[in-house]
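Notes follow the structure.
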Amino acid sequence: MLLFRRLTLPPMQRARCVCYWNHLSPRGFECYHSLAAANIINARAENKTAVSCSGPNRSFGNHNLPQKSLASPPFKKLVESLKSTGQTCTIIESSCGGLISSSLMSVPGSSNVYFGGTVAYNTKKSGKLLCDEELHRTLMDVSSISSSINKDNDDDIIRIRPDLSSETKKYIKSKVVWTREAALSYCAHMGTDFSIAEGGATGPTFRPDGMKCGFAVTAVAGRKRKGGDVEILAQKVTYSSHADRELNMRLFADSSAELCLDAMSVDPSSSIVHAQSVQNESPDEGIVDLFFDRSSHIRGDANVMQDFYQRKDALHVLVRGTDELLFSTSTELALPTLHDFLEDDAFSALFNIYDYKMMVDKRIFLGRLGVFHIPVFAMALPKDATLSYRQCYFANTRSRAPMLNITHNELALTATAYVQWQQTHRYCSVSGSPLEYINGGTCAKSTFTEKSHFHWPRQDPSIIVLVNNPSRTHALLARSPRHPPYLYTALAGFVEAGETFESAVSREVNEAEVGVLLDRRSIQYVASQPWPFPRSCMIGMNATSIGGLAPIRIDPNEIVDAQWFDKETVYKAARDTDELGAVMERQVVMEKQAKGEWSGELLVPPKGVLARTLIDNWLERD
């Protein structure tokens with residue numbers, strides 16, 4: 001039985017469209033189409049370089065940008081892992097439009113591990129999935145999904161970001177249910193070890209109304225032990241900060257590969273369900289989410305805190321010195337438990353060198369994680385400490401934290417801020433007496449006997465501003481002495497005493513940095529971000545210059561270079577940055593250059609950094 005999807009396209013596009021056949025089961029085939037892929041084939045046939053068709057000022061006819069490899073690092077690692085373990089997978093995807101499958105297939109050797117997949121882009125009009133009437137009806141039954149997400153008891157649903165509208169939350173929950181059912185069904189029907197299911201929204205327009213940024217839900221199903229039942233091993237929601245369809249598809253595809261890699265790391269002898277690296281001691285109660293609660297209202301309750309400090313399932317962010325964290329992957333922190341400290345040989349070796357009791361007693365309470373409210377602590381390690389814990393590794397916080405998912409990024413910056421504060425504030429600034437730390441280490445109290453003084457961590461406000469010309473075709477980016485020669489970013493500076501944020505923006509841009517006058521009425525607040533290097537809070541602003549592409553007069557004591565860049569140039573730099581990763585580390589880029597994987601001249605900060613948020617917002621306007 002062959003399934004066709006009818007295409008209604010303009011004549012010129014109709015001629016350039018091709019269908020791809022993917023053998024899924026002995027009972028049938030699945031057909032899907034890709035106009036973008038057809039364009040790539042056409043371009044190759046004409047000996048031209050194929051390019052993407054989204055983003056500002058681009059079209060099918062633009063052959064100036066280099067084609068990016070489909071075989072991104074997460075997919076290379078996934079194929080390698082599947083091959084090394086002799087395991088297989090299948091894929092059903094929606095908003096990624098076939099990019100997950102094509103990225104995996106583009107890796108040499110994938111034919112040994114990939115059993116085919118399906119693109120169900122328009123689920124309401126899709127043909128019978130796997131040619132199975134019952135399966136198709138189950139996955140496409142909107143009323144069934146709506147009933148599932150409207151249940152009073154929805155603990156088995158991943159918690160959604162609280163700042164979203166009720167309609168958006170409902171829509172995301174529907175994708176949580178759909179991807180879960182799809183992953184389970186495909187894994188069972190295909191007989192593979194793993195199944196990846198993805199569904200979401202990539203932009204540039206969204207339903208329901210009010211959504212402004214893309215998201216994707218990914219579920220991975222599999223068997224924890226040979227011959228066991230198929231079950232959900234991992235599920236998560238990935239959010240983007242923009243509505244660029246192409247960039248979102250790449251982000252969500254890579255996120256799916258990374259989640260499958262995480263799912264593969266589940267111990268076959270364990271009954272723990274893994275989701276975004278948080279371990280759930282009650283797997284029957286559902287998937288654990290990553291909602292982080294700072295729990296400031298209970299820090300002063302001595303009995304509660306004592307219980308938290310003694311819990312063996314308590315999680316820990318390990319901070320080495322003041323500028324390194326322990327990572328498990330590029331997007332997640334390692335969060336060892338107190339039980340690990342007591343039982344794992346790696347920590348036995350660590351505590352044979354350093355005082356276990358002192359380090360455990362000085363842990364800093366950060367808050368609680370997930371629906372099970374697991375306490376999370378920061379624990380400081382000496383700068384020269386070494387640790388061989390599983391396959392985890394220490395990496396620089398400043399350059400690597402932006403790569404983390406949204407919750408782990410918050411944990412990383414919070415832990416860094418508190419550890420930094422405790423190590424630099426040991427005496428009372430009023431009495432000079434030593435400080436003792438209370439309320440889980442988040443407050444300091446002087447030991448002066450006549451009168452106690454209390455101290456809390458300080459954040460110094462700093463502005464960071466993206467300046468554009470009046471027509472918004474160019475942005476002013478600069479490079480500071482501490483940045484690599486290819487990295488340009490937004491202008492920044494401290495807010496002085498008695499100064500407003502707006503005044504600081506005007507002063508820094510005109511007097512202290514590049515000598516450009518701003519239209520004071522154009523200065524607008526965009527967002528903020530903690531930046532504990534050492535203790536700043538960045539206030540992100542937009543501003544417009546006076547006089548178009550105004551002449552630049554740099555202060556060599558502050559910055560090395562500054563230039564006006566057009567949108568096309570910055571957009572390409574942003575895409576290159578997303579491909580390369582931790583570009584604030586010189587070694588990362590140098591290795592890519594040595595391998596011939598990047599030969600450009602401009603990069604911008606990675607996603608997760610406020611400067612990049614400002615840049616992305618400018619790229620998306622107009």
With side chains defined as the heavy atoms from C-beta onward, is the minimum distance between [X] and [Y] less than 4.5 Å?
X: Arg320; Y: Leu326; answer: no
X: Val604; Y: Arg612; answer: yes
X: Phe194; Y: Met264; answer: yes
X: Ile364; Y: Gln422; answer: yes
X: Glu332; Y: His408; answer: yes
X: Glu231; Y: Arg223; answer: no
X: Leu381; Y: Met379; answer: yes
X: Ser536; Y: Ser462; answer: yes

What I want to find out is whether [X] reaches [Y] closely enough, with some N-O distance under 4.0 Å, to be called a salt bridge.
X: Arg311; Y: Asp313; value: yes
X: Asp616; Y: Lys607; value: yes
X: Arg479; Y: Asp561; value: no
X: Lys77; Y: Glu258; value: no
X: Asp361; Y: Arg363; value: no

Step by step, would you call Arg294 with Thr414 a side-chain hydrogen bond (donor to acceptor under 3.5 Å, both in side chains)?
CA-CA 10 Å; Arg294 289 177 173 264; Thr414 303; 2.8 Å; yes

Could you walk me through whether Thr337 and Asp340 pass the side-chain hydrogen bond (donor to acceptor under 3.5 Å, both in side chains) check?
CA-CA 5 Å; Thr337 64; Asp340 292 330; 3.3 Å; yes

Looking only at heavy atoms, what is the nearest atom pair of [X] and [Y], with distance?
X: Pro532; Y: Gln420; answer: O-NE2, 3.3 Å
X: Ile463; Y: Phe501; answer: CG2-O, 3.8 Å
X: Leu366; Y: Ala415; answer: CD1-CB, 3.9 Å
X: Leu104; Y: Cys89; answer: CD1-SG, 3.9 Å
X: Gln310; Y: Leu338; answer: O-CD2, 3.8 Å
X: Tyr389; Y: Ala346; answer: CA-CB, 3.8 Å

Taking atom OG of Ser328 and atom OH of Tyr393, what is their separation to the nearest 0.5 Å?
7.5 Å

Among Phe347, Phe377, Phe308, ring-ring contact (aromatic ring centres under 6.0 Å, His included) partner for His316
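Output: one option passes, namely Phe377.
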
Have a look at Tyr437 and tell me which of Trp456, Trp421, Phe454, Tyr418 forms a ring-ring contact (aromatic ring centres under 6.0 Å, His included) with it.
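The ring-ring contact (aromatic ring centres under 6.0 Å, His included) with Tyr437 is passed solely by Trp421 among Trp456, Trp421, Phe454, Tyr418.
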
Assess whether atom CG of Leu342 is packed by more than 12 heavy atoms of other residues, nucleotides or ligands within 6.0 Å.
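Yes - once you tally the heavy atoms of other residues, nucleotides and ligands closer than 6.0 Å, there are more than 12.
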
Run the side-chain hydrogen bond (donor to acceptor under 3.5 Å, both in side chains) check on Ser256 and Thr218 step by step: do they pass?
CA-CA 6 Å; Ser256 298; Thr218 308; 3.3 Å; yes

Before giving the answer on side-chain hydrogen bond (donor to acceptor under 3.5 Å, both in side chains), spell out for Ser103 and Arg250 the whole-Å C-alpha distance, their side-chain angles and the decisive distance to 0.1 Å.
CA-CA 9 Å; Ser103 295; Arg250 182 74 266 168; 3.0 Å; yes

